[in-house]
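Here the structure comes first, spelled out in structure tokens, and everything after it is commentary.
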Amino acid sequence: MSEKLIISTILLTNGQEERLKSSIDTIIGQDYPNKELIIVSSTPNDIFGEYQENSMVRIYIQPELNHNEARDFALEQVSGEYIFFIGPSDTLMNDQVLSTIYERMESNNSNFIANRFIRLRDGLFYMRESQEKIDIITKTDYWFYFIKREELRSLYGKLFGREILGKLNIDAKSDQQFIKYVILNATNPILDRRIENYIYFEREDRDSLELDRVAISVPKYLGEVRYSDNEEIDENINVAICVDDNYCQHISPMLYSIDKNNHEKVDVYLIYYKLKPESLEYIARLNEVLTNVEIKIRKLKDYQYERLSLFKETELPTEAYFRLLLPELLPEVKRVLYLDVDMLILNDLKELYYSKLGNNVMGVVRDFPFTNDKHSWAYFLLGDAGERYFNSGMLLLNLEVMRKNNIVEKFIKFISETSQHYFLGDQDAFNVFFFYDVKVLGNENNYIAENQTILEKTNLDVTIMHYCGFSDPKPWKLNDSNTVYIIPSIRLYREYQREINKLMVKGPKILIVVEEAANFNDTNRAIASIEYQNYRNYEIFFQPLKEDSNIEKLEERYPQFINVQRDNELRKDTDYLFYLQNGSYFSTWNALSLLVDVAVEKAADYVMPSHIIFKVSDGNFYIRNDNDEIIDISNEKFEKLLVEKYSLFGKNEGFLFSKEVADRANAGNIEPGLIRNTKIYNSAFKRYFYDKNLWTEIDFGDK
């Protein structure tokens with residue numbers, strides 16, 4: 001090695017640490033040939049005498065210097081081209097550490113390398129699994145590393161080039177501030193995550209590795225923003241929603257809630273990249289029935305979609321990032337209210353939409369489930385500022401300002417360089433990038449369903465109800481186990497769903513025969529699975545148990561459904577019938593719609609779907625292959641099907657059949673049985689087997 005490539009190790013000590021000798025010896029014993037050790041101590045120590053004759057060790061007793069002054073003094077004494085700090089209680093893993101980290105730094109064309117720590121506490125070593133990875137720390141994402149990596153906050157275990165010091169014109173008030181400026185002035189600074197080389201001794205009197213939020217504050221990633229003296233706002237309220245084929249199935253309740261609760265015109269822009277013809281047809285039909293809402297669709301161009309597809313470090317679909325392009329996609333719009341699909345608008349949007357944003361890019365609402373918990377991700381990410389961590393499902397965006405300041409390009413570049421650090425996807429990106437440029441609005445403007453559980457209060461007096469959260473209270477999911485505080489909000493959503501469905505699609509009427517199960521929870525789940533169906537032209541015929549019935553409790557929970565008829569007379573206006581018994585339930589939110597689609601498309605009077613089995617005896621679900629095939633069984637004999645697929649066709653429930661079939665089979669008695677099942681099948685003319693798992697059978701076995 002060249003003689004000039006000296007590594008100068010600095011050891012700052014009070015002279016009293018019990019492991020001080022080990023720290024000194026671990027540096028002296030390194031096999032790297034060109035090295036020196038500079039010790040700056042506030043007090044003398046007898047062990048220093050052992051090293052007086054060692055030419056590579058220089059010792060300075062400086063009682064008048066505090067830690068920061070001692071650090072700066074030591075830096076002035078170095079003669080090496082590289083600098084390494086070691087703590088007075090720490091050691092290195094072996095005698096090749098300096099050689100190893102020097103080679104790794106050089107091979108990455110870097111002049112700064114940080115190493116992972118092995119922690120030594122109470123005589124035990126704590127190691128993390130090696131990740132076999134070296135990270136390049138950039139000027140954009142360095143802050144995220146300080147947030148997540150404790151070892152980066154320490155002065156120790158870092159090797160860096162002395163030339164960096166010539167670029168620093170600062171008086172570092174803390175080690176974290178010093179390391180921050182070294183990283184920002186280094187060339188290709190790296191974090192070596194492959195193996196821990198540095199043994200960090202934890203003791204009570206040691207400086208904390210908690211993040212110094214003053215020294216390592218959130219960078220002003222957005223930079224300075226030019227705002228207009230007088231903000232112009234569009235005459236109409238503009239709302240933007242991003243959809244794909246999946247989300248398009250769920251837009252009607254939200255758009256209907258806007259239409260119902262706003263008396264002025266609202267332009268709703270649906271942003272998409274690709275939609276199936278049936279989705280576009282659905283949007284067109286929805287547009288016809290809405291009065292105050294006009295739906296306008298905007299399609300991403302291929303290059304725009306490809307640009308967003310570049311950052312895929314998170315599990316979010318690319319569609320989640322469409323809102324980043326709203327300034328480009330809506331060039332004629334000055335301000336827009338972005339909304340997630342899983343929302344209801346329960347009051348007029350006018351007051352929210354015309355909120356004064358001042359010198360802010362957007363208006364936001366705190367994500368209360370996070371801001372309410374001091375141990376949540378919000379506080380881990382933002383420290384005390386976690387109390388203002390916002391939910392990105394509602395964003396009141398000043399598009400004029402975003403266009404004038406080229407914010408889209410800056411934001412996309414930021415996400416592409418930092419997305420690997422997120423926990424909550426682009427919501428984290430919004431919170432960090434726009435940290436200094438948001439106005440926090442009232443909670444009623446994005447009231448998260450879980451707020452009701454946290455506050456133990458059912459509160460529907462809000463402008464926007466948002467069905468998000470870790471309990472996943474999506475109204476198009478079963479949700480039979482959700483807290484009593486959230487259930488009223490879910491039912492409200494489903495009421496909006498029923499109303500808009502009645503306006504859009506009448507469809508044949510289904511009489512669903514539900515037999516009460518012995519266990520209340522089983523019956524509750526069965527009825528809840530009907531309530532969350534997106535098909536709404538149905539009526540429930542509920543048959544209670546003769547003894548120990550929970551009918552009163554069910555009537556209280558489902559007053560609109562539990563209409564007991566004891567005369568066993570079928571409703572005259574029924575088109576189809578469907579049986580559920582013993583706690584069986586629909587396993588998908590669109591089961592009825594799919595069955596009706598098959599019946600209508602095929603002019604069928606009998607449709608049997610496949611199903612899932614849940615065995616109470618072992619608590620396991622047994623799922624059949626779901627081929628999604630529609631098979632004509634009109635010419636099949638029922639006896640043959642019983643032999644081939646007894647577990648399907650031998651059931652007394654789970655098949656859709658027309659009222660005419662019931663009449664021909666003389667199925668006036670509501671209680672089904674295998675004989676009646678046979679009569680119903682044989683009385684049908686056009687029969688189909690739909691090989692798709694749409695409902696779940698509860699198998700009680702011997703219980």
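- Between the side chains of Q16 and T43, at least one donor-acceptor pair of N or O atoms lies under 3.5 Å.
- When the options Y338, Y422, F411 are evaluated for a ring-ring contact (aromatic ring centres under 6.0 Å, His included) with F430, the one that passes is F411.
- Across all non-hydrogen atoms, the minimal contact from V182 to F112 is CG1-CD1, 3.6 Å.
- The distance from the CE atom of M394 to the CG atom of L352 is 5.5 Å, given to the nearest 0.5 Å.
- Between the side chain of S174 and the backbone N or O of Q177 there is at least one donor-acceptor pair closer than 3.5 Å.
- Looking at heavy atoms from C-beta onward, L324 lies in side-chain contact with Y321 at the 4.5 angstrom threshold.
- The minimum heavy-atom distance linking I137 with I190 is given by the pair CD1-C, 4.2 Å.
- N446 pairs in a side chain to side chain donor-acceptor pair (under 3.5 Å) with only one of the listed residues (N451, T463, N391), which is N391.
- Pairs engaging residues 84-98 under the side chain to side chain donor-acceptor pair (under 3.5 Å) rule: S89-R203, D90-Y198, D90-R206 [sequence neighbours left out].
- Around atom CG of D461, no more than 12 heavy atoms belonging to other residues, nucleotides or ligands sit under 6.0 Å away.
- Looking at residues two or more places apart in sequence or on another chain, you find a ring pair (Phe, Tyr, Trp, His ring centres under 6.0 Å) between F144 and H421.
- To the nearest 0.5 Å, atoms CD (E387) and NZ (K374) are separated by 6.0 Å.
- Listed by chain and residue number, nothing satisfies the salt bridge (Lys or Arg N to Asp or Glu O under 4.0 Å) test with R162 (two or more places apart in sequence, or in another chain).
- Classification of the F160-F85 ring pair by plane angle, with boundaries at 30° and 60°, yields parallel.
- For the pair R149 and F117, the cation does not sit on the ring face, since its NZ or CZ is not both under 6.0 Å from the ring centre and inside 45° of the axis.
- Counted within 6.0 Å of CG on D46, heavy atoms from surrounding residues, nucleotides or ligands total 12 or fewer; the atom is thus considered open.
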Criterion side-chain contact (heavy atoms from CB on, under 4.5 Å) on L92 and I27, from CA distance to verdict: CA-CA 8 Å; L92 302 182; I27 296 300; 4.0 Å; yes

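- Under the 3.5 Å distance criterion, with hydrogens and angles disregarded, a donor-acceptor pair is assigned to the side chains of E163 and N111.
- In this structure a side-chain-to-backbone donor-acceptor pair under 3.5 Å is missing from R71 to I10.
- Note: I7 CD1 to K35 NZ = 9.0 Å, rounded to the nearest 0.5 Å.
- Closest of all the heavy-atom pairs between V40 and A74 is CG2-CB, 3.7 Å.
- A donor-acceptor contact closer than 3.5 angstrom links the side chains of D367 and Q427.
- At distances below 3.5 Å, not a single donor-acceptor pair connects side-chain atoms of N108 with backbone N or O atoms of M105.
- M56 CE: more than 12 foreign heavy atoms inside a 6.0 Å radius.
- Using modelled atom types, one finds a donor on one side chain and an acceptor on the other under 3.5 Å when comparing D25 with Y51.
- Checking side-chain atoms of E456 against main-chain N and O of Q452 turns up no donor-acceptor pair under 3.5 Å.
- Residues that satisfy the salt bridge (Lys or Arg N to Asp or Glu O under 4.0 Å) test with R366, not counting sequence neighbours, are absent from this structure.
- At distances below 3.5 Å, not a single donor-acceptor pair connects side-chain atoms of N14 with backbone N or O atoms of S42.
- In this structure a side-chain-to-backbone donor-acceptor pair under 3.5 Å is present from K180 to A215.
- Here the side chain of R193 pairs no donor or acceptor atom with the backbone of K133 at under 3.5 angstrom.
- Rounding to the nearest 0.5 angstrom, the gap separating the CD1 atom in I113 from the CG atom in D192 is 4.5 Å.
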From CA spacing to verdict: side chain to side chain donor-acceptor pair (under 3.5 Å), S99, E103: CA-CA 6 Å; S99 298; E103 290 172 2; 5.6 Å; no

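- Under a cut-off of 6.0 angstrom, the local environment of CD in E64 is crowded, with over 12 non-hydrogen atoms contributed by other residues, nucleotides or ligands.
- Two residues are said to be in side-chain contact when any heavy atoms from C-beta on lie closer than 4.5 Å; E81 and I6 fail this criterion.
- Between the CD1 atom in I448 and the SG atom in C468 there is a gap of 4.5 Å [rounded to 0.5 Å].
- Between the side chain of K410 and the main chain of N405, a donor-acceptor pair closer than 3.5 Å is present.
- Nearest heavy-atom pair across S154 and I179 is O-CG1, 3.8 Å.
- The salt bridge (Lys or Arg N to Asp or Glu O under 4.0 Å) search around D384 returns none, not counting sequence neighbours.
- Side chain of R388 to backbone of F435: a donor-acceptor contact under 3.5 angstrom is found.
- Inspection of the W377 and D428 side chains reveals an N or O donor paired with an N or O acceptor under 3.5 Å.
- Under the 4.5 Å side-chain criterion, counting only non-hydrogen atoms from C-beta, L152 is in contact with I183.
- Shown here for L98 and Y32, the closest heavy-atom pair between the two residues is CB-CB, 4.0 Å.
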Check against side-chain contact (heavy atoms from CB on, under 4.5 Å), L344 and I464: CA-CA 6 Å; L344 275 187; I464 299 176; over 6 Å; no

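- Side chains of S79 and E36: a donor on one and an acceptor on the other come within 3.5 Å.
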Derivation of the side-chain contact (heavy atoms from CB on, under 4.5 Å) call for V225 and N359: CA-CA 8 Å; V225 179; N359 287 344; over 6 Å; no

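- The cationic atom of R153 (NZ for Lys, CZ for Arg) does not lie both less than 6.0 Å from the six-membered ring centre of F146 and within 45° of the ring axis.
- Panel note: side chain Y467, backbone S489; a donor-acceptor pair is recorded below 3.5 Å.
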Stepwise side chain to side chain donor-acceptor pair (under 3.5 Å) check, Y227 with D437: CA-CA 11 Å; Y227 292 95; D437 295 273; 3.2 Å; yes

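- For the atom pair E409 CD and I412 CD1, the distance stands at 5.5 Å (nearest 0.5 Å).
- Considering every non-hydrogen atom in both I86 and T26, the closest pair reads CD1-CG2, 3.5 Å.
- Side chains of N115 and Y200: a donor-acceptor N/O pair is absent below 3.5 angstrom, by distance only.
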Worked check of side-chain contact (heavy atoms from CB on, under 4.5 Å) between V364 and L441: CA-CA 6 Å; V364 299; L441 304 174; over 6 Å; no

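- The pair E196-R119 fails the salt-bridge criterion, with no side-chain N (NZ, NE, NH1 or NH2) lying under 4.0 Å from an Asp/Glu carboxylate O.
- Around the CD atom of Q52, the shell of radius 6.0 Å holds more than 12 heavy atoms that belong to other residues, nucleotides or ligands.
- With sequence neighbours excluded, the residues that form a ring pair (Phe, Tyr, Trp, His ring centres under 6.0 Å) with F414 are Y221, F433.
- Counted by atom type alone, R58 and Y60 present one or more donor-acceptor pairs between their side chains at under 3.5 Å.
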